[in-house]
Amino acid sequence: MDLPESKHVENVANADDLVSLATELARLNKISHLSKSDELRPNGAWLTTLVNQVADYIFVKDRHSRFVMANRQIALDIGCEASSDLIGKTDLDLHSQPIGSAFLSAEDEIMSSQEAKYDFEELLILPNGKRKWFSSSKFPVIDREGVSVGIVGICRDITARKNAELLQQGQNQVLQKIATGAPISDVLDTLVLAIESQMEGVMGSVMLLDESGEHLLSSSGPSLPKAYLEAANGVPIGPKAGSCGTAAFRQECVIVEDILNDPLWEDFIDVVSQFDMRSCWSMPFFGQDTKLLGTFGLYSNEVRAPSDNEQNLAREAARLASIAVEKDRAESRIRYLANHDVLTGLPNRHEFKAKLEQKITASHDTGGPVAVVFVDLDNFKIVNDSFGHAIGDQVLMIVAERIMSLHGHAHEAIRFGGDEFVLILDGEAAQKRELASFMGRLRDEIIKTIRIGDLSFHITCSIGAACYPEDAADAAELLRNADKAMFEAKSSGRDGFKVFEQTRPEKSLNRLTLLEEMRTGIESGEFFLEYQPQYNLESGRIVGAEALVRWQHSALGRLMPAEFIALAEDSGLIVPLGRWVMHEACRQNKKWQDKGFAPISVGVNVSARQFRDTGLIADVSAALADAGLPAQFLELELTESLLIQNAEQAVKLMEGFRHIGVNLAIDDFGTGYSSLASLKSFPLTRLKIDRSFIRDLDFDESDRSIARAIISLGRELGLCVVAEGVETAKQQAFLASCQCEIVQGFHFGRPMSADKLGKLLAMTSMPLGARSG
């Protein structure tokens, strides 16, 4: 069948040709044949009435996609009086770009390929702006010569289904953004756009409650004029505050059908009349605690009320908005707590460090000075002991308020420790000539009478300050020097202040000063570890390392353990220092393993004070867990004298370590005069021969006999034996002849940095002779 050109349309729209067309369509769809002689052969009027009653689009087009037949539904939607008005026109004549071109392109492909296309989706935007989605099926019409001469189409309205799909997709996008922590503005814009896609001529907005709880802030309105959003920002909450302000006040949905003539909008008529918005419907939304969070508003350019569907959409939008806002506020609270002291609300060390670095960087450009002021409350422990920690907390909050109130909040401050505060000053206030005056005012403010309930008392403080770049080369040194100045003020009798002065460091410091600097050194990262490798004599490979702590003192330089461990032990600082060593050694060992190096065991020395600490097992477990290091790769080294002081308690504690899988070594064996019976009772894995028995192996037969006996004893007890302090090839040869398994000493490697040991671990094999030094 050959469809005529559009100028002959009157010859097509008759019963015979339509039946022929239906016959061809049936053939294409492999339906049982339909012929002109069938009993159900309709006449032209009957068929026309039939297709005009169908809500679907039914049409026929010629080879140039011009309408030759269309039912009434198409004409009604497009705005034509009759379907005959469509005849001879293409979709480009009836629709704007790119809709018209999309239709023509799809139909041209069908006629070119001569293959029908079934149930594909098409979007139509009607002249009134309304969107319609169709599930279309289109079939090519081919003449007897096999040439495509036209197309037949049937389009079913699936707008409701498609809108439901789009709404679900929008909801999913919103929830995904909420789950992935997208900025709240991005989440709310996505939500508003998803709701707008379901409506015609409607624009959405989200307004959020401000911190005062008295105003609404414009937080999203991607389709609204920016000028209107700016004008509406900060709208008050009240009984006559537009749709949103009133909805927030009443805490219920407010529908205004005619903005220009509604008393709720009287105070805002000058603003809203500038824009094409004639009705506004607002839905408040709340948190799980039923407190107001904000409002979701819809604006229409028509004077009307919302449909039931639009009200349902507004309720759904309000529900999703409440989820998004609550999650954002919870995360903001978490971020705040992560960077602030919970008690005083001041920034914590992490935030302070970033701010100080920013100030130092800015100083490079401006040349202006930056000062750090350290404040320490004198004898604050007495407050806690006398009045309790609750009163002590209140005192800290009062001091924080006094610090921040001084100098018009021009400085930034943190709570650095339990009773320590640190401030940053810049500009003229950071000049040394101004610092003394500022610290005097600060001291006077802090020592004012404190009144809490019936209590009335005073506290004093010691204050120190240092300036950049005069007193320090970087932020870390600036902080240390301010801390030094504060300790000097405290050492001078407390209740005073001092500005840092550069002096030549003395060769040694008194115990009190060294103790204070050790405490701050632990907190500020002045301590570091070196590692001495342990080799297996048979394989020649590194199988372990002993972690050894060093102190890079700010004034005295590098300090070895002999210069500070005894003081740390006496003062109790060995516990936090040992805790740090444990965590750092585990972290570094895991880092080596993550680089693919062969796993080794790292030994950490445990002092007598640590061994008596009830939290030692918990500290070790935490260090392993934080690093993700299997327990088998950590070894605790305990001295022989420590174990025999209280063998029963030692066995109990060591069993606890063995239970979590940590290896135990007895260090300096042979110097503690332990009995074989007590040695047998300890759940050890390794025995380390004290270096005093190794040092003279080259010529002292007594030491050789002792070393040989200890190695034999260790093997009999099933322990791995390690010889410390091996410094010569002869010592190595003797130990090998005694079947000593592991060696450690300068002959194989001095204590070295983690990076250097890592390079050794990266080597698959290395002759022992090349390892001396």
Residue among Asp483, Val372, Ile424 satisfying side-chain contact (heavy atoms from CB on, under 4.5 Å) with Leu478: Val372
Modelled atom types, side-chain donor and acceptor of Asn605 and Glu546, under 3.5 Å: yes
For Lys756, side chain to side chain donor-acceptor pair (under 3.5 Å) partners two or more places apart: none
CA sep, side-chain torsions, deciding dist, call: Lys590, Asp594, salt bridge (charged side-chain N to carboxylate O under 4.0 Å, His left out): CA-CA 6 Å; Lys590 184 61 166 62; Asp594 290 343; 2.6 Å; yes
Ring centre gap for Trp592 and Phe633 strictly below 6.0 Å: no
Polar contact flag, side-chain donor to acceptor under 3.5 angstrom, Arg708-Gln739: no
Aromatic plane relationship, Phe527 with Trp551 - under 30° parallel, 30 to 60° tilted, over 60° perpendicular: parallel
Flag, side chain of Asn589 to backbone of Ile600, donor-acceptor distance under 3.5 Å: yes
Val373 side chain reached by Phe421 side chain, heavy atoms, under 4.5 Å: no
Exercise: do Gln732 and His747 side chains pair donor with acceptor under 3.5 Å: yes
Donor-acceptor side-chain pairing of Asp378 and Ser462 below 3.5 angstrom: yes
Any donor-acceptor N/O pair, Gln632 side chain to Val662 backbone, under 3.5 Å: no
Distance-only polar pair, side chains of Gln552 and Glu526, donor-acceptor under 3.5 Å: no
Value rounded to 0.5 Å, distance of CZ in Arg704 from CD in Gln731: 10.0 Å
Carboxylate-amine/guanidinium proximity below 4.0 Å for Arg587 and Glu584: yes
Distance, nearest 0.5 Å, that separates CD of Glu741 from OG of Ser539: 10.5 Å
Min side-chain heavy-atom separation Leu548-Tyr531 under 4.5 Å: no
Salt-bridge contact Lys484-Glu516 (side-chain N to carboxylate O under 4.0 Å): no
Asn536 side chain to Val543 backbone, donor-acceptor under 3.5 Å: no
